Protein chains: 2
Amino acid sequence: MPTKSRVMAKILVVDDEPDALELVGFNLKAAGYEVVTADDGADALKKARQHAPDLILLDVMLPEVDGLEVCKLLRRDPATSQIPVIMLTAKAAEIDRVLGLELGADDYVTKPFSPRELVLRVKNLLRRRTDGEEKPDQFNIGDMFIDVPRHLVTVARKRIDLTATEFKLLTTLASRRGRVQSREQLLRDVWEYDNIIDTRTVDTHMRRLREKLGTACRYLDTVRGVGYRFVEN
Amino acid sequence: MPTKSRVMAKILVVDDEPDALELVGFNLKAAGYEVVTADDGADALKKARQHAPDLILLDVMLPEVDGLEVCKLLRRDPATSQIPVIMLTAKAAEIDRVLGLELGADDYVTKPFSPRELVLRVKNLLRRRTDGEEKPDQFNIGDMFIDVPRHLVTVARKRIDLTATEFKLLTTLASRRGRVQSREQLLRDVWEYDNIIDTRTVDTHMRRLREKLGTACRYLDTVRGVGYRFVEN
DNA sequence: CGGGGATGTTACAAGCCGGTGACAAAAAAT
DNA sequence: ATTTTTTGTCACCGGCTTGTAACATCCCCG
């Protein structure tokens with residue numbers, strides 16, 4: 001295998017059986033990934049926050065808090081909600097619930113699995129996140145709806161008129177939901193960064209955006225000293 | 001099992017009978033689709049917004065709000081108006097109303113239906129939306145009618161004389177109904193992009209188009225700072 | 001509790017953007 | 001060849017956007 005110039009992805013593996021942990025860990029390391037392990041739900045949540053892994057492999061069967069619950073909690077925490085999760089499940093029947101949106105797992109592998117298949121899934125999911133940069137043309141957040149190609153924003157089914165820059169600012173934030181964007185970052189992405197523009201300009205546009213969005217301005221969060229971010233509660 | 005590179009289409013199934021729901025759901029899942037279910041009209045509308053499914057299967061007979069009403073409401077909400085709908089109906093006589101333009105369903109299946117037929121319809125409709133980029137040779141928008149091969153445009157049954165470029169500009173916009181087209185995009189598609197032409201030329205042609213279309217110019221929408229778009233109300 | 005930096009708010013002028021009418025070149029029709 | 005139609009460009013204007021500055025608040029920190 002060719003050496004990667006970039007640091008390889010870090011993966012958190014969660015399983016209560018030491019043997020399974022070792023098997024999975026060994027194969028992932030062989031594929032060049034950095035591996036962190038956890039053997040119960042609470043440990044998994046802690047390590048997920050601590051290490052900010054690029055992907056989580058999560059066994060459904062866990063003592064105390066089960067894997068489904070862990071997955072839900074991971075999704076709820078802004079620090080971990082964006083991390084892709086692959087569930088390991090023994091029963092094929094569980095698949096439906098696992099992939100259901102309420103849980104938000106990104107993929108699953110049924111036990112027993114071949115190491116090769118597992119690594120393939122991991123690679124796939126990581127690639128989707130990195131080079132795909134996933135740019136959906138539609139967002140649905142609470143009662144806000146954004147359609148990029150149609151250049152349309154509605155809040156509670158009522159149309160909101162936005163100017164070109166306001167719209168781009170909103171979609172930029174929405175597409176990086178949960179992650180804070182610095183003013184410099186926003187200037188680069190929204191204003192295309194050849195312009196030398198005062199960073200305070202961003203503030204003004206945020207204000208105009210909030211004004212037009214009305215109640216939905218609750219989705220636009222200010223992070224003092226850092227920038228702005230799109231939140232969904 | 002081969003790894004899917006792309007997430008399969010998500011389908012919302014709406015029916016008040018659990019048995020029907022299970023039957024349809026099972027077959028769609030077997031065909032590789034992700035399935036979300038709802039058992040009444042209100043739930044359907046909520047889940048349609050929430051999950052942004054790629055297609056909706058909608059039973060006509062529903063408690064409280066009936067399927068026809070749900071369909072109408074789906075069409076009215078910008079967040080869901082573009083999602084194709086297949087109606088499930090028991091009586092063949094209802095078909096006319098279902099497919100009537102006021103409702104805007106895209107297809108129907110009469111009960112009892114064979115699972116194979118249902119899945120076929122679903123596949124068909126999804127394909128039409130994705131790879132086809134649907135290029136029909138005829139458009140019917142409100143009181144405007146466009147026949148591409150015959151190079152004919154009528155508004156309220158009255159013929160409108162358009163020049164070649166005006167006609168191509170109109171059909172290009174009409175075929176991407178709802179989506180904003182930048183001037184550059186239009187130059188590429190209408191003027192065949194080898195020419196180096198001032199983008200303002202597009203404006204002039206839009207003006208001439210609007211003038212000739214008279215009242216129907218309400219379908220041609222300017223999105224300041226972005227481009228032009230075809231709207232249908 | 002008070003100071004200083006960061007953010008929200010307001011106001012405004014410059015300038016960009018799109019609508020419009022005119023015009024000439026090019027193409028088509030006669 | 002002449003007339004007519006089409007088409008690309010330009011200049012002008014009104015209005016909306018938008019960047020900025022000045023002022024008001026808020027919040028963190030000691």
Side-chain angles (χ1 to χ4, degrees), chain A residues 151-153 159-173 180-231, chain B residues 151-153 159-173 180-231:
Chain A
H151 212 269
L152 177 80
V153 179
R159 219 188 131 141
I160 307 280
D161 257 354
L162 295 182
T163 69
T165 31
E166 284 159 8
F167 187 81
K168 198 162 184 191
L169 178 58
L170 178 63
T171 52
T172 300
L173 285 170
V180 183
Q181 303 295 306
S182 70
R183 290 173 174 70
E184 288 74 18
Q185 183 87 39
L186 289 170
L187 280 179
R188 267 205 304 281
D189 296 344
V190 177
W191 278 260
E192 317 266 328
Y193 87 107
D194 38 69
N195 266 321
I196 303 159
I197 286 184
D198 188 349
T199 61
R200 289 305 308 280
T201 297
V202 178
D203 297 35
T204 304
H205 279 270
M206 284 301 294
R207 178 183 146 337
R208 289 174 183 148
L209 202 45
R210 283 171 167 154
E211 195 170 47
K212 289 192 181 176
L213 290 181
T215 65
C217 73
R218 68 182 180 280
Y219 299 126
L220 301 178
D221 198 4
T222 303
V223 182
R224 192 187 169 82
V226 187
Y228 295 96
R229 120 184 106 176
F230 198 108
V231 293
Chain B
H151 208 271
L152 179 76
V153 180
R159 210 185 145 142
I160 308 278
D161 255 354
L162 295 182
T163 69
T165 32
E166 283 159 6
F167 187 79
K168 196 161 185 191
L169 178 58
L170 178 63
T171 53
T172 301
L173 285 170
V180 181
Q181 305 295 307
S182 71
R183 289 172 174 69
E184 288 73 19
Q185 183 87 43
L186 289 170
L187 279 180
R188 269 204 303 280
D189 296 344
V190 177
W191 279 259
E192 314 273 334
Y193 84 105
D194 37 69
N195 268 320
I196 303 159
I197 286 184
D198 188 349
T199 61
R200 290 306 307 280
T201 297
V202 178
D203 297 37
T204 303
H205 279 269
M206 284 300 294
R207 172 174 144 341
R208 289 171 183 151
L209 201 45
R210 282 171 168 156
E211 203 167 50
K212 289 191 181 175
L213 290 180
T215 66
C217 75
R218 68 181 180 280
Y219 298 127
L220 301 179
D221 199 1
T222 303
V223 182
R224 193 188 167 87
V226 187
Y228 294 98
R229 119 182 105 179
F230 198 107
V231 293

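Residue numbers begin at 1 in each chain, while the letters A, B, ... track the order of the sequences. Note that this is a predicted model, so its numbers are computed, not measured.
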Chemist: Ignoring backbone atoms, test whether Trp191(A) places a side-chain nitrogen or oxygen under 4.0 Å from the OP1 or OP2 oxygen of dT18(D).
Modeler: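 False: Trp191(A) side-chain N/O out of range (4.0 Å or more) of dT18(D) OP1/OP2.
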Chemist: I need the Leu173(B) CG to Gln185(B) CD distance, nearest 0.5 Å.
Modeler: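 Nearest 0.5 Å value for the CG-CD distance: 10.5 Å.
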Chemist: Can you tell me whether the side chain of Arg208(A) and the base of dG19(D) have a donor-acceptor pair closer than 3.5 Å?
Modeler: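 Donor-acceptor pair under 3.5 Å: yes.
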Chemist: In whole angstrom, give the distance that lies between atom CD of Glu184(B) and atom P of dC17(C).
Modeler: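 Going from Glu184(B) (CD) to dC17(C) (P), I get 11 Å.
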Chemist: When all nucleic acid strands are considered with a 4.0 Å heavy-atom cut-off, which category describes Thr165(A): base, sugar-phosphate, or nothing?
Modeler: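 Here Thr165(A) touches the backbone only, sparing every base.
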Chemist: Quick check on dT7(C): is either OP1 or OP2 less than 4.0 Å from any side-chain nitrogen or oxygen of Thr222(A)?
Modeler: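 False: Thr222(A) side-chain N/O out of range (4.0 Å or more) of dT7(C) OP1/OP2.
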Chemist: Atom CD of Glu211(B) to atom P of dT20(C): distance rounded to whole Å?
Modeler: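 Taking atom P of dT20(C) as the reference, CD of Glu211(B) is at 8 Å.
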Chemist: Can you confirm whether Lys212(A) sits close enough to Thr163(A) that some side-chain heavy atom of one is under 4.5 Å from a side-chain heavy atom of the other?
Modeler: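 Lys212(A) vs Thr163(A): side chains touch.
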Chemist: Return the value, rounded to whole Å, for the distance between atom CG of Asp221(B) and atom C1' of dG19(C).
Modeler: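 It is 14 Å, rounded to the nearest whole Å.
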Chemist: dG8(D) P sits how many Å from Leu169(B) CG, rounded?
Modeler: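 Rounding to the nearest Å, CG of Leu169(B) and P of dG8(D) are 11 Å apart.
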Chemist: Compare every heavy atom of Thr201(A) with every heavy atom of Ile197(A), then report the nearest pair and how far apart it is.
Modeler: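 Residues Ile197(A) and Thr201(A), closest heavy atoms: CG2-OG1, 3.6 Å.
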Chemist: Calculate the interatomic distance between Arg207(A) atom CZ and dC23(D) atom P; express it in whole Å.
Modeler: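 That distance rounds to 17 Å.
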Chemist: Could you walk me through whether Arg210(B) and Thr222(B) satisfy the side-chain hydrogen bond (donor to acceptor under 3.5 Å, both in side chains) test, starting with their C-alpha distance in whole Å, then the side-chain angles of each, then the deciding distance to 0.1 Å, before giving a yes or no?
Modeler: CA-CA 11 Å; Arg210(B) 282 171 168 156; Thr222(B) 303; 2.6 Å; yes
Chemist: Measure from CG on Leu186(B) to P on dG8(D) and round the result to the nearest Å.
Modeler: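 Those two atoms, CG and P, are 13 Å apart.
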Chemist: Just how far is it from atom CZ of Arg218(B) to atom CG of Leu213(B), taken to the nearest 0.5 Å?
Modeler: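 The CG atom of Leu213(B) is 10.0 Å from CZ of Arg218(B), to the nearest 0.5 Å.
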Chemist: Side chain of Ala164(B), heavy atoms from C-beta onward: which of dT7(D), dT18(D), dG8(D) has the nearest atom to it?
Modeler: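 Output: dT7(D).
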Chemist: Just to confirm, is there a sub-4.0 Å distance from OP1 or OP2 of dG8(D) to any side-chain nitrogen or oxygen of Thr204(B)?
Modeler: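 No, outside the criterion.
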Chemist: Starting from the 5' end of DNA chain D, give me the residue, Arg224(B) or His205(B), whose nearest nucleotide shows up first.
Modeler: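 Mapping each residue to its closest nucleotide by heavy atoms, the 5'-most match is His205(B).
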Chemist: Considering all heavy atoms of both residues, which atom of Val223(B) and which atom of His151(A) are nearest to each other, and what is their separation?
Modeler: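 Taking Val223(B) first and His151(A) second, the nearest heavy atoms are CG1-ND1, 3.7 Å.
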Chemist: Which heavy atom of Val202(A) sits nearest to which heavy atom of Arg183(A), and what is that distance?
Modeler: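 Smallest interatomic distance, heavy atoms only, reads CG2-O, 4.0 Å.
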Chemist: Rounding to a whole Å, what distance do you find between Asp203(A):CG and dT10(C):P?
Modeler: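 Spelled out: CG on Asp203(A) to P on dT10(C) is 14 Å.
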Chemist: Parallel, tilted or perpendicular for Tyr219(B) and Phe230(B), by the 30°/60° rule?
Modeler: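 The rings of Tyr219(B) and Phe230(B) lie parallel, inter-plane angle below 30°.
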Chemist: How close or far is atom P of dT9(D) from atom CZ of Arg183(B), stated in whole angstroms?
Modeler: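 My rounded result for the distance is 14 Å.
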Chemist: Should the side chain of Arg200(B) and the base of dG18(C) be counted as holding a donor-acceptor pair, with the cut-off at 3.5 Å?
Modeler: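 Such a pair is found, so the answer is yes.
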Chemist: Can you tell which of dT7(C), dG19(C), dT18(D) lies closest to the side chain of Tyr228(A)?
Modeler: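 Selected nucleotide: dT7(C).
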Chemist: With nearest nucleotides of DNA chain D determined for Thr163(A) and Lys212(B) from heavy-atom distances, which residue corresponds to the more 5′ nucleotide?
Modeler: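 Taking each residue's closest nucleotide, the earlier one in sequence belongs to Lys212(B).
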Chemist: Using a 3.5 Å limit on both distances, find every run of at least three consecutive Watson-Crick or G-U pairs that involves DNA chain D.
Modeler: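 The stems that DNA chain D takes part in, listed by first number, are C:1-30 with D:1-30.
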